Amino acid sequence: MSVIYIALPVAIALALAAVISFVWTVSRGQYDDLETPALRMLEDDEKRPPPK
Amino acid sequence: MIEQTHESKTIPQQQQGTCIHCHLPVPTSRQTDEQPWFCCAGCEVAYAILQDMDACLLEELNQSESVSSSDLSYEEMDHPHFRELYAREVEPGLFRIRFHLEGMHCASCVFVIEKLPGFMPGVLSARVNLSTSSVDLIWDSTVVALSEIARTLDRLGYCPHPPQNNDAERIFKLENRKHLIRLGIAGACAGNVMLIAFALYAGMFTGMSAEHLNLFRWTSAALAMVAIFWPGQVFFKGAFSAIRTRTPHIDLPVALGITIGGVAGVINSIRGTGEIYFDSLTVLIFLLLVGRYIQFRQQHQALSHLSLLKSITPRSARLISHDEILTVPIEVLKPGDQVEVRAGDVIPADGTVFAGGSSVDESILTGESRPRMTQVGDVVTAGTVNLAAPLRIDIQDVGEKTRIGRLMNLVEQGVSSKLPLIELANRIAGIFVVTVILLAVLCFGLWWSSGVKIAVSNSISLLIVTCPCALGLATPLALAVAQGKAAKRAILINSGDVMERLATPGFLWLDKTGTLTYGKMQVYASSGDQSFLPHIRALEKQVVHPIATAITNYIDQQLESDHFDHPPLQEIDYTPGLGIRGKAGGHQISIGSEAYIAKQGGAISAEFQHIMHAYRQRGLTAVLVEVNERVVSVFGIGDELRADACSTIQELKNRGWSIGILSGDHPEIVSQIADCIGVAPEFVHAAVRPEEKLKIIQESTRRGTTVMVADGVNDSAALAAASVGIAVHGGAEASLQAAAVYLNRPGLAPLKELIDGARMTNRVIYRNLGISLVYNVFAAGLALGGMINPLVAALLMPVSSLTVLILSFVNRAFQEPAS
């Protein structure tokens with residue numbers, strides 16, 4: 001049996017995984033706003049620890 | 001749909017044994033009892049500096065003086081009705097609201113607004129969306145009032161508005177996601193089918209066992225079926241509705257090609273011989289969907305955030321209830337209520353005045369710049385501005401029933417009643433289908449003698465290779481590129497069909513006030529004795545009237561410093577619409593029109609008569625000043641033509657456009673302006689109401705391309721109904737929403753640029769169509785000659801798409817003029 005019988009389904013499965021994760025990210029709204037997140041990383045996310 | 005929940009930022013938990021600043025392991029020697037830990041002295045210093053800066057900044061924001069605040073109290077936001085309408089309770093006491101913010105531009109805005117929870121106790125989270133200029137807030141209603149938050153945003157320079165048509169935005173978001181998912185799936189299928197196709201083409205030259213050949217063919221068939229039946233559905237749907245409505249549409253030839261290719265491919269896969277075209281088909285679907293997506297994005301670029309009516313009427317009203325005045329959201333008002341409108345406020349609803357007297361600026365409805373006197377018993381309408389003194393009003397109609405509400409309904413109707421443009425690509429599609437089918441029949445006939453099998457196979461390849469891929473991709477791309485370039489030149493175009501509509505010259509109607517002219521009463525000339533300026537200023541300060549304001553502004557400029565005397569005033573007598581008289585600093589002064597001065601008994605010398613005549617020639621109103629019964633000076637006041645108006649109009653005429661004027665202003669003023677710029681009297685309509693403007697435009701659209709250029713609310717219905725509505729710089733919100741184009745640069749010169757750019761863009765589209773037709777003719781020729789195989793098809797289609805794509809980018813439309 002040729003190796004292609006394993007390689008081809010594996011390739012298709014990989015593509016399927018990519019498509020599924022893409023659809024998931026789209027429906028989670030990750031592509032709704034392409035501008036702000038890029039700017040948000042300029043902000044410091046560290047805060048002063050709460051006073052004791 | 002699952003909404004992503006944005007939680008407020010929490011204090012970062014220090015991981016065990018790592019530095020809080022750089023996250024590297026902390027040496028045991030530095031693991032003190034006191035958190036946070038630092039790996040080194042450097043990190044400690046850097047961390048302290050950053051923290052200090054943060055604290056400083058928050059302090060600064062908290063203390064900052066207003067940048068450009070509107071000084072609104074936003075009290076209506078604390079009304080329970082407001083919360084019910086716009087906010088959502090996420091947890092008991094915690095509410096979420098979305099505000100649209102004015103004036104958001106860049107990273108700094110995101111930075112400042114998202115710092116809100118840092119210095120406003122009670123605000124738990126603030127997340128900005130820059131592309132929609134909105135912010136999602138979560139606040140604790142027990143700690144802070146919403147009006148307080150709104151005032152803070154306002155003070156920082158971002159005037160908040162509650163969202164209006166949430167629906168349109170939601171629909172856009174869902175549609176956008178659908179497009180993306182279709183693109184993703186089509187792309188994945190196309191990519192994998194292409195990979196398999198490489199193997200098949202390699203096998204064509206080097207030989208391949210039948211077993212493997214079948215495996216590959218079946219796999220690509222399966223992938224192609226996914227692409228055809230899932231993302232490809234849109235083309236079938238489009239084609240069906242085109243057949244139902246009997247309008248030509250680009251989807252028709254596309255669906256035909258996909259169907260025939262798919263069916264032939266599946267049959268050949270089953271038979272195990274013959275050509276399959278799955279690679280070309282899946283790439284075709286993908287590229288066309290890319291084109292579709294570009295088109296979708298460009299059409300929704302100017303998504304409106306505020307509904308028209310709400311942008312004109314105020315958000316709050318002062319309701320009179322039991323001798324007490326409450327600030328309430330406007331939605332609470334109902335007919336029969338009584339409200340108070342302070343001087344300077346916008347009237348919230350239609351009604352009758354029952355107490356007070358004032359002048360009302362009705363330019364929003366009539367376009368007339370002069371205010372109307374209002375007394376007890378007079379009817380006032382929503383959206384107009386109370387200028388002088390408080391008015392108390394009995395409400396008769398609210399919301400959509402008001403005159404302005406009905407006008408805005410007309411705008412919406414205007415938009416929907418607009419004749420749809422059958423895009424060039426779609427018009428061609430009809431002829432295309434017929435030609436292609438005829439060619440296929442011809443091909444079949446030519447090859448009949450060689451056997452049915454070959455005849456069928458050649459006809460099928462013809463149908464597939466002539467599929468109008470470039471047509472569906474090139475046009476939207478050319479339009480999107482032009483739109484992007486225009487935006488850089490401060491011409492904002494909200495839908496691609498504007499370019500096609502502007503292709504042929506037709507009627508161009510211009511509004512007068514604010515479009516052809518600067519839209520502001522100003523003193524353009526003055527002559528005579530200037531020593532009484534402080535006295536004139538003191539008197540004119542007593543009146544709220546555009547001419548009086550123009551004069552005081554002018555004097556303020558002339559005197560330059562604040563150190564002039566403020567002469568005491570006595571015996572002031574104001575005759576609305578004519579003039580004012582009184583004693584200022586011991587002098588008896590009268591300021592007013594020629595008629596007013598004549599009535600006072602003042603003699604006007606020949607010299608001043610001459611100057612007044614000269615002013616009138618320039619379209620200016622002369623205002624005379626009489627001191628101690630002698631005319632001493634004269635002001636020329638008016639609304640002057642824009643500097644570039646005449647030259648622009650002339651150039652547009654040269655390009656074959658018929659120019660007309662539609663104005664709500666007085667016929668004499670309008671005809672003067674018309675003479676100035678050279679518009680024929682039969683194309684000048686003065687003193688027209690908004691409804692009449694709409695009618696004139698609708699009639700004009702029946703006769704040809706009609707462009708309306710305007711700036712006011714009273715023009716918005718006409719803007720919406722015109723083939724292309726163009727709002728000029730500084731226009732009212734409603735006119736921006738109704739128009740398809742917004743010239744974000746003062747003056748009329750961008751108008752010329754728009755029309756030239758549209759013509760050039762159309763040329764690019766025609767060139768693209770020509771090139772893709774040449775490719776198709778070439779491909780059809782090959783197919784007729786029986787020289788097409790899947791490899792040739794797979795090469796030909798992307799090459800033709802690529803050519804037109806490059807040409808769409810490389811063109812001169814909306815280019816910066818070489819200086």
Side-chain angles (χ1 to χ4, degrees), chain A, chain B residues 1-4 9-12 14 20-21 34-36 47-48 50-55 57 104 106-111 114-115 118 127-132 134 172-174 176-185 187-189 191-192 195-196 199 209 211-212 215-216 219 222-223 226:
Chain A
M1 192 161 118
S2 171
V3 70
I4 200 75
Y5 286 109
I6 300 164
L8 196 62
V10 166
I12 300 286
L14 280 177
L16 193 68
V19 168
I20 289 172
S21 40
F22 176 72
V23 171
W24 181 78
T25 52
V26 170
S27 38
R28 280 291 301 269
Q30 296 193 18
Y31 294 86
D32 288 351
D33 179 12
L34 299 175
E35 269 177 83
T36 332
L39 302 170
R40 202 169 273 136
M41 64 126 201
L42 296 171
E43 231 184 302
D44 260 337
D45 53 6
E46 292 174 10
K47 284 234 172 97
R48 191 184 290 275
K52 288 185 195 118
Chain B
M1 191 60 53
I2 311 153
E3 276 285 337
Q4 214 174 340
K9 283 176 295 180
T10 48
I11 289 119
Q14 188 166 17
I20 195 167
H21 186 64
E34 210 174 309
Q35 295 262 17
Y47 185 74
L50 286 174
Q51 290 298 310
D52 272 354
M53 274 172 60
D54 211 36
L57 183 94
M104 277 227 289
C106 62
S108 311
C109 303
V110 180
F111 177 78
E114 293 198 347
K115 282 273 185 276
R127 296 284 285 195
V128 170
N129 185 330
L130 197 59
S131 28
T132 57
S134 62
F172 171 77
K173 204 162 86 181
L174 293 182
N176 188 34
R177 288 179 183 177
K178 267 192 209 158
H179 270 280
L180 280 174
I181 290 175
R182 277 202 291 259
L183 263 181
I185 292 162
C189 289
N192 284 289
L195 285 177
I196 295 170
S209 75
E211 186 194 348
H212 288 153
L215 173 71
F216 282 133
T219 320
L223 285 170
V226 174

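Per chain, numbering begins at 1; letters A, B, ... match sequence-line order. Predicted model only: the values in this text are computed from it and were never measured.
Looking at every heavy atom in both residues, Ile181(B) comes nearest to Phe22(A) through CA-CE2, 4.2 Å. Nearest approach of His212(B) to Ser2(A), heavy atoms of both residues: NE2-CB, 3.3 Å. Taking each heavy atom of Arg177(B) and Arg28(A) in turn, the nearest pair found is NH2-C, 4.4 Å.
Using a 4.5 Å heavy-atom cutoff, the side chains of Ile4(A) and Phe216(B) are in contact.
Atoms CD1 and CD1, on Ile12(A) and Ile196(B) in that order, are 5.0 Å from each other to the nearest 0.5 Å. Rounded to the nearest 0.5 Å, atoms CG (Leu8(A)) and OG1 (Thr219(B)) are 4.5 Å apart.
Heavy atoms closer than 4.5 Å to chain A are found in the side chain of Asn192(B), but not in its backbone. Contact annotation for Val19(A): only side-chain heavy atoms (C-beta onward) come within less than 4.5 Å of a heavy atom of chain B. Of the two parts of Leu195(B), neither the backbone nor the side chain holds a non-hydrogen atom closer than 4.5 Å to a non-hydrogen atom of chain A.
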